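Reading through the structure tokens given below for one structure.
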Number of protein chains: 2
Amino acid sequence: MATIYEVAARAEVSPATVSRVLNGTNVSEDKVARVKQAISELDFSPNRMARSLRRQHSQIIALIIPDIENPFFTSVARGVEDVAQAAGYSVVLCNSDGELSQEAYYLDLAASDNMAGVIWTPASAASTLGRFHSPDRAVVAIDRRPSGRETDAVLVDNHRAGFAATQSLFNQGYSRVACITGPADVETSVLRSEGWREACRAHPDLQPREDYLRYADFRVDGGRAALSALFALDLAPDAVFVANNLMGVGVLQELTARGITTSHYGVAILGDLPYFSFTATGATVIDLPAREIGGVAARLLLERIAGLTDPPRTEVLHSRVLPAQANVISR
Amino acid sequence: MATIYEVAARAEVSPATVSRVLNGTNVSEDKVARVKQAISELDFSPNRMARSLRRQHSQIIALIIPDIENPFFTSVARGVEDVAQAAGYSVVLCNSDGELSQEAYYLDLAASDNMAGVIWTPASAASTLGRFHSPDRAVVAIDRRPSGRETDAVLVDNHRAGFAATQSLFNQGYSRVACITGPADVETSVLRSEGWREACRAHPDLQPREDYLRYADFRVDGGRAALSALFALDLAPDAVFVANNLMGVGVLQELTARGITTSHYGVAILGDLPYFSFTATGATVIDLPAREIGGVAARLLLERIAGLTDPPRTEVLHSRVLPAQANVISR
DNA sequence: GTTGTAGCTGAAATCGATTTCAGGTAGCGT
DNA sequence: ACGCTACCTGAAATCGATTTCAGCTACAAC
């Protein structure tokens, strides 16, 4: 691959001038023309490693998420990529698997690779930026916030979504509504379950039963096990609010296994599963604007990369309750 | 962030020695100790851009796929990432959207970024590596092959899978089996439909009808439209083999919309949809080992990066027909 | 005692861009 | 004519590692 020196030689200018042409600063017209000519003749494209080394940051954004096989994060990734790519940045995908050690590994990587910025879903409330923490490093949190709140964040209205989901179950006539949420040390989990709790309180003849609240792991099997445990209670609930999409799958699996249909058992799931649309699960789904979340996060990050120094901002996007049947044959 | 020079100064050795410690070559024990001490005191980690510039390739692998929101490719990505990460490489995710221009953009990027290698699903049979083509660049194709066949490839037994899927529909008692496959210029599409054709031929009292073969786009809507068109034929088919998972969703949508169930209409889908397991779609699913494909591709790529110069290799992984009910309540 | 070999070590070159610094030229005002 | 900007330009330093090259030491063999 050609270098800037070969271009310079061919155009009979100095490498500095070539660089200036590349970066659009003041160069006389005839030299610009000669350089462009040489560039195309040599099929030259600048070496990004050399550029990054000199500039002290690369054109790469790290996206750290807990599970790339969860369609929610896939859509987020898509949103991030669309915006990032349009701005000339590439996205490195990093699976933390929800583990602090993996997360720390990737943050370290982002630092030693001088990546332009990081968009991440902190694995837990205990997550920290480690060595990536620095005033001039761009960071945006997605879906949850890290322990120190000093970064930009893009969130959904978790509390309200939990409330609305639970509410809709009451409206459907159920009275003993349980809640299966994520790990207790994840902010998102807690907010969603508090939405549930509040909706229960608002219900006149019912106190929220604490044994109706189950902390699981945001995964299929965890959701399934949690529902199983709920069934073992003396007075089992007759409906359940599930705080993420995968646990929702687990719940539906368990119901199917027990031969129970959603016409007899209320299910509201926070977060959708694309391509499920043709099956009548009968569950109420609260739609999360995943792709938009990614897009907004990327935009905030790019602003930081460009040097914005405003105090941390938080964008809250809204979820949307889909009526129990709307997920049938839509799309 | 500390540099190798600061470490050298603190350990009272030359930068060269620090580098040697970092890379595990001959250094006396006491200096190794001093250097390690200094490294940990300064919390030093080497700047990967500088390293990449000097070494002429980075520790980054590009993964170019047509659709990150397709669970098949998501699983592939997961498989690639697991293997790559264990070897100290990161994965940059690139969505080509099946378009040659996007694909070319990312290949260019991989070249100008001196990425260690590329794993890709060529957008079409017309895809070429462009400027990334070079004897000492590592490349592995996944799922399909590019026009020149000079790279390693990881494929599935497309022809056989198409044959088996079709066969299973005949075995279930259907006799007019149609086929909905992908674009005609994609190798994978063609092989799968040829599997279908052969299975039809093998059936004594039936010639494969060419109007039963539909080329679509591997997407939901395309599958749906294709089935719709099949229904419009004089003698409509009574079963259909669908050549990928998303088109399978489209087909199931269309059937649901028409109030037809899979007990009256045969459906065999090549490629599964994770998390669908709890719904009894009644469709026969041919499982593809997506994650394994990614893992194998990454392994082949790493071998090339390490300098292997054998002639191009092709690994074929096997699909597996799941009986029509096995996808209910599994997992 | 001399020579040879093996193993360490540091100085300096190198990777390919960007950027600073120090001119050089041209045009304009007085 | 002289001085002042304003604008271009190229030489050289720079980013932070790796790697070559040559020198040094220590020890063994003859």
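Because only heavy atoms are used, hydrogens play no part in the values below, and waters and symmetry mates are left out as well, while side chains stay in. Model, not experiment: these values are computed from the prediction.
Distances were taken from every side-chain heavy atom of B:Tyr5 (C-beta onward) to each of C:dT9, D:dA17, D:dC8; the shortest belongs to D:dA17. When distances run from any side-chain atom of B:Leu53 to the nucleotides D:dG16, C:dT9, D:dT19, the shortest one goes to D:dG16. Side-chain proximity of A:Ser28 to D:dG16, D:dC8, D:dG10: nearest is D:dC8.
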Walk me through it: do A:Ser90 and A:Gln59 pass the test side chain to side chain donor-acceptor pair (under 3.5 Å)?
-> CA-CA 6 Å; A:Ser90 335; A:Gln59 300 271 99; over 6 Å; no
Passes side chain to side chain contact (heavy atoms under 4.5 Å, CB included), A:Arg304 versus A:Val139? Steps please.
-> CA-CA 8 Å; A:Arg304 290 291 175 189; A:Val139 176; over 6 Å; no
Does the side chain to side chain donor-acceptor pair (under 3.5 Å) test come out yes or no for B:Glu81 and B:Tyr89, once each step is laid out?
-> CA-CA 8 Å; B:Glu81 213 219 347; B:Tyr89 287 80; over 6 Å; no
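Rounded to the nearest 0.5 angstrom, A:Arg145 CZ and A:Leu155 CG are separated by 5.0 Å.
When atom types are taken as modelled, the side chain of B:Asn244 and the backbone of B:Phe218 share a donor-acceptor pair closer than 3.5 angstrom.
Atom CG in A:Asp30 sits roughly 11 Å away from atom P in D:dC8 (whole-Å rounding). Here D:dT18 presents its C1' atom at 10 Å from CG of B:Leu22, a figure rounded to the nearest Å. To the nearest angstrom, P of D:dT19 lies 11 Å from CD1 of B:Ile4. Whole-Å rounding puts the A:Lys31 NZ to D:dC7 C1' distance at 12 Å. The distance between atom CD of A:Glu12 and atom C1' of D:dC8, rounded to the nearest whole Å, is 17 Å. Note: CZ (A:Arg34) to C1' (D:dT9) measures 12 Å, nearest angstrom. For the pair A:Asn26 CG and D:dG10 P, the computed distance is 14 Å after rounding to whole Å. With rounding to whole Å, B:Arg20 atom CZ is found 11 Å from C:dA11 atom P.
Residue contacts shown for A:Val18 are absent, as no nucleic acid heavy atom lies under 4.0 Å away. Heavy atoms of A:Ser19 sit under 4.0 angstrom from at least one base atom.
Less than 4.0 Å separates DNA chain D from at least one heavy atom of each of the following residues of residues 54-62 of chain B: B:Arg54, B:Arg55. Applying a 4.0 Å cut-off to non-hydrogen atoms, none of the residues of residues 38-52 of chain A approaches DNA chain D.
Using a 4.0 Å cut-off between a side-chain N of Lys or Arg and a carboxylate O of Asp or Glu, B:Arg313 and B:Glu303 qualify as a salt bridge. Taking the charged nitrogens against the carboxylate oxygens, A:Asp97 and B:Arg78 do have a contact shorter than 4.0 Å, which makes a salt bridge.
Applying the side chain to side chain contact (heavy atoms under 4.5 Å, CB included) rule to B:Thr74 yields the partners A:Ile68, A:Glu69, A:Thr74; only residues at least two apart in sequence or on another chain are considered.
Between A:Arg144 and A:Asn158, the side chains place no donor N or O within less than 3.5 Å of an acceptor N or O (distance only, hydrogens not considered).
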